[in-house]
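Within every chain, numbering begins at 1; the chains are lettered A, B, ... in the order of the sequence lines, protein sequences first and strands thereafter.
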Amino acid sequence: MGSGARLARAGRAGGARRHSRRAAPGGGRRGRLRRRHLLTPRKRHGYNPSSNRPSRGNARPPGETAMQVRVRYAPSPTGLQHIGGVRTALFNYLFARSKGGKFILRLEDTDRSRFSQDYVQNLYDTFEWLGVKWDEGPDVGGPVAPYIQSERFDLYREHAERLVSLGRAYYCFCGEERVAKFHSDVQDEEGGAEGASFGYDRHCRNIDPAEAKVRAASERHVIRLKIPLGETTEFEDELLGNIAWKNEDVNPDPVLLKSDGFPTYHLANVVDDHLMGITHVMRAQEWISSTPLHVIMYQAFGWEPPAFCHLPMVMGEDGRKLSKRHGATSVDEFRKGGYLPEALLNYVGMLGASYEDGRDLYPLADLERLFSVEHLKKAPAVFDYKRLEWFNGQYIRQTPDAELAALVMPWLEEAGIAKKGDAAFEAAVLAAMPLAKERLHYLRDAPSVMGFLFAEPPVPAPEEFFPKKFDAAMTRSALAEARALLAARFPASDEELEEAYRARATELGLKLGDLLMPLRVAVTGSRASPPLFGSIRLLGLDRSLARIDRSLAALGS
RNA sequence: GUCUCCUUCGUCUAUCGGUUAGGACAUCGGAUUUUCAUUCCGACAAGAGGGGUUCGACUCCCCUAGGAGAUGCCA
C-alpha cells in the first residue's frame with residue numbers, strides 16, 4: 001500500500017519505528033512509551049482513498065500536501081455550547097495547529113426536533129469570544145462545502161441506499177413503539193434486569209431484499225446497518241491502544257437513516273468524515289462504544305477509516321459526566337460570570353493533558369505549539385471551579401490596565417454605576433485599575449470592588465465603624481481626629497500621610513488601625529477596600545470629607 | 001445485566017524499572033500590610049488491594065475491587 005501512506009497518518013512522527021505496534025492491554029498509566037509504538041502504520045484494507053473519493057469531497061485542495069492533518073469539531077446545535085464541547089473543539093484545534101493541519105467546523109443538525117437556530121448563533125458567539133477559529137466551516141466556507149449536514153441531505157440517503165444494495169444495510173419497518181419496548185428495561189438500572197434484552201432484535205433483518213424494496217416505496221421505514229455477526233471489530237485508538245469488540249456486543253443493527261429521511265449521527269458522521277477527508281477523529285470517550293459500529297460502516301463502504309483518538313471525559317465533582325447539575329457548564333455562564341476566555345481556555349486545555357513540567361500558565365499560542373497526543377491522559381478529569389478561579393485571577397492581573405478597564409465596563413454599566421460612553425468616567429475607571437486589579441477574581445467583582453469610587457455608598461451601620469474594643473463615642477472621636485488630619489495634610493504622598501497618622505495615633509495612645517478603620521468605612525463604605533489613601537486620592541478630598549461628615553453624623557454625638 | 005475504558009495527594013498533574021514520588025489549586029500556618037486582596041515562605045497530603053516478573057517496581061504482566069461510559073429513529 002505504498003500510496004497508502006495516507007491522510008490518516010498525516011502528521012505522525014513517521015514510520016521509523018516499526019516494532020510491536022500493539023498496545024499492551026490493561027493497566028499502567030505509562031502510556032507514553034506504548035503510544036510511541038502507535039506511530040507505526042496500522043493495518044489497512046488495501047484501499048486507495050483517492051480513487052474512491054468523490055469529486056465533491058476531495059479533501060486535498062491543489063497545492064497542499066497529501067499528509068495534511070484534517071480534524072473537525074462537529075457539534076449538534078441542540079443546546080448551548082458547554083465545557084465538554086469546548087474541550088473537544090479546543091483539543092482538535094490544538095492538534096491541527098500543532099501539526100500544521102486544518103481545523104474544520106461541521107454542523108450536525110440532523111436532530112430536527114431539538115434543533116434551534118439560536119444554538120447555532122450561540123456556537124458562533126462562543127468561539128468568537130474564545131478566540132478559537134476554524135479554517136473551514138459554514139461561515140467561512142472551504143473546499144468540501146457545505147459544512148451543514150441539513151444541506152447535505154441527499155448525500156445520506158444515497159449512501160444508506162448504497163449500503164442496502166451492498167447487502168450491508170436493510171430497510172426496517174418496525175414502528176418506534178415496537179422498538180421502544182426493547183429499551184424499557186435499560187431504565188430500571190438496578191432492578192431485575194435478568195435476561196432483559198437490550199437494543200433492537202433485528203426483526204426486519206431477514207426480510208427478502210426485493211420485497212423490502214417494494215415496501216419501502218410506500219411504507220414508512222428506517223434503514224439499519226447490518227452488523228456482521230460472528231466477527232470481531234477492532235481498531236487502534238491513538239490514545240488507548242488496541243480496542244476490540246465482538247460484533248454481538250455492538251449496538252445491534254443501529255438506525256442509519258431515520259424515518260424522517262435524516263441520517264443519524266452514525267451515518268452522517270462517517271459519510272462526512274470520509275467525504276471531507278478527515279484524518280483524525282478526536283472526540284470524548286463517551287463515543288468509544290460506537291466506534292466499532294463506525295469502523296464496520298467504513299468497511300462496508302470500502303473506505304479507509306480515519307485515526308481515532310478518544311479523549312478523557314470531563315466530570316463533575318461527584319465523578320459523573322459533567323452536566324448542568326454540577327453548576328455552570330455552558331460557556332455563556334462563564335462569560336456572564338466574568339471569566340476571561342484566556343483563563344477558561346488555559347484551564348480547559350489542561351484537563352486531561354499536560355505540557356511542560358511545572359508550568360501552569362499557557363497562552364493559546366503556546367498550547368498550539370506544545371499540544372501532543374503523547375501528553376494526553378487516559379483517565380477522566382474532574383472540573384475544578386476553584387482552580388479555574390485561580391487561573392482567572394492570574395489572567396486578570398496579567399491584563400494591561402486599559403484593556404481590563406474596558407472589559408470591566410459592561411459590569412459597571414449593568415450595576416448602574418457607569419454611563420455608557422462617558423469619557424471622564426472611563427478615565428476614572430482606568431485610574432482606579434491599579435488599586436482594583438488585584439482584588440478582582442472575576443470581572444463581575446468590579447462593582448463591589450470599585451463601585452464606591454463612583455456612586456455614594458450607603459452609610460454603614462455604626463458597628464461597622466468600630467475598631468476592636470471601641471464604642472460609638474470612641475469611634476466618633478477617632479473619626480473626627482482622622483478627618484482633621486486628612487483635611488490638614490491631604491495633598492501629601494501615601495507615605496507621608498501614613499507617617500502622619502502613625503504619629504497621631506501614637507499621641508492618642510491608639511493603634512494606627514484604630515484611626516484608619518473608621519476613616520476607611522466612612523470613605524469607602526466598607527471595612528474591606530482598596531488602599532485608603534489611594535482611594536481618597538481617586539475620590540478627591542471634597543467628596544471624601546463629605547462622606548466623613550455624613551458618617552460622623554450617623555455615629556451620633 | 002452486558003460490553004468497553006479507566007485507577008499517583010481532596011482536585012489537576014509530573015514520573016518512560018533505581019527519586020526523600022515533584023509541581024499547581026484547595027486547606028492550614030507564617031511573613032509583608034492601614035482593611036481586604038495580591039505577593040512570598042512553610043505545613044498537611046498520593047501510587048486501590050493481591051499476586052507475579054526483576055538485583056530492584058508507581059512504572060511491566062495477571063487477578064480482584066472500585067469508578068465511569070455505552071447499551072435511542074440524541075448527538
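- Per the geometry, CG belonging to A:L225 stands 13 Å off P belonging to B:C73, to the nearest Å.
- Using a 4.0 Å heavy-atom distance criterion, A:G84 is classed as making no nucleic acid contact.
- In this structure, A:E356 reaches neither bases nor backbone, as no heavy-atom distance under 4.0 Å exists between it and the strands shown.
- Across B:U59 and B:U8, the matching C1' atoms stand 11 Å from one another, rounded to whole Å.
- The OH-C1' distance, from A:Y73 to B:A75, rounds to 11 Å in whole Å.
- A:E176 comes within 4.0 angstrom of a nucleotide base, judged by non-hydrogen atoms across all strands.
- Among the heavy atoms of the strands lying under 4.0 Å from A:F533 is at least one base atom, whether or not backbone atoms are also near.
- Here A:K511 lies out of heavy-atom contact (under 4.0 Å) with every strand.
- For the C1' atoms, the distance linking B:C16 with B:C58 amounts to 12 Å, nearest Å.
- Here the P atom of nucleotide B:G67 and the CZ atom of A:R320 are 10 Å apart, to the nearest Å.
- Separating the CZ atom of A:R114 from the P atom of B:C73 is a distance of 13 Å, rounded to the nearest angstrom.
- B:G30 and B:U13 are spaced 27 Å apart, taking the C1' atom of each and rounding to whole Å.
- Pairing for B:U71 is with B:G1, a Watson-Crick or G-U wobble pair whose two hydrogen-bonding atom distances lie under 3.5 Å.
- In this structure, A:R439 does not reach the B:U38 phosphate: none of its side-chain N or O atoms is under 4.0 Å from OP1 or OP2.
- Remark: A:T110 is in phosphate contact with B:A75, judged by side-chain N or O atoms under 4.0 Å from OP1 or OP2.
- Residue A:V222 is classed as a base contact, given a heavy-atom separation below 4.0 Å to a base.
- Residue A:L351 is classed as a sugar-phosphate contact, given heavy-atom separations below 4.0 Å to backbone atoms only.
- The separation between A:K258 atom NZ and B:C73 atom P is 10 Å, rounded to whole Å.
- Using a 4.0 Å heavy-atom criterion, one finds that A:T78 contacts no nucleic acid atom at all.
- Here the P atom of nucleotide B:C12 and the CE atom of A:M313 are 14 Å apart, to the nearest Å.
- Across all strands shown, B:G47 forms no Watson-Crick or G-U wobble pair with both key distances under 3.5 Å.
- Distance check on atom P: B:A26 versus B:C41 gives 15 Å, rounded to whole Å.
- At a threshold of 4.0 angstrom between heavy atoms, the contacts of A:S113 with the nucleic acid are absent.
- Using a 4.0 Å heavy-atom cutoff across all strands shown, A:P530 reaches at least one base atom of the nucleic acid.
- Residue A:A353 is in sugar-phosphate contact alone, with no base atom involved, counting any heavy-atom pair closer than 4.0 Å across all strands shown.
- Base-pair partner of B:U20: not found among the strands shown (Watson-Crick or G-U wobble, both distances under 3.5 Å).
- Under the Watson-Crick or G-U wobble criterion, with both distances below 3.5 Å, B:C36 is left unpaired in every strand shown.
- Within 4.0 Å (heavy atoms only), A:H266 reaches no atom of the nucleic acid at all.
- Protein atom NE2 of A:H82 is 12 Å distant from nucleotide atom C1' of B:C74, rounded to whole Å.
- Across all strands shown, B:A65 forms a Watson-Crick or G-U wobble pair, both distances under 3.5 Å, with B:U7.
- For A:R397, taking side-chain heavy atoms from C-beta onward, the closest of the listed nucleotides B:A70, B:C36, B:U38 is B:U38.
- Residue A:L532 is in base contact, counting any heavy-atom pair closer than 4.0 Å across all strands shown.
- Residue A:R502 is classed as a sugar-phosphate contact, given heavy-atom separations below 4.0 Å to backbone atoms only.
- Judged by Watson-Crick or G-U wobble contacts below 3.5 Å, the nucleotide B:A57 has no partner.
- Distance, A:Y442 OH to B:U38 P: 12 Å, rounded to whole Å.
- Nucleotides B:C40 and B:U33 are separated by 13 Å at their C1' atoms, to the nearest Å.
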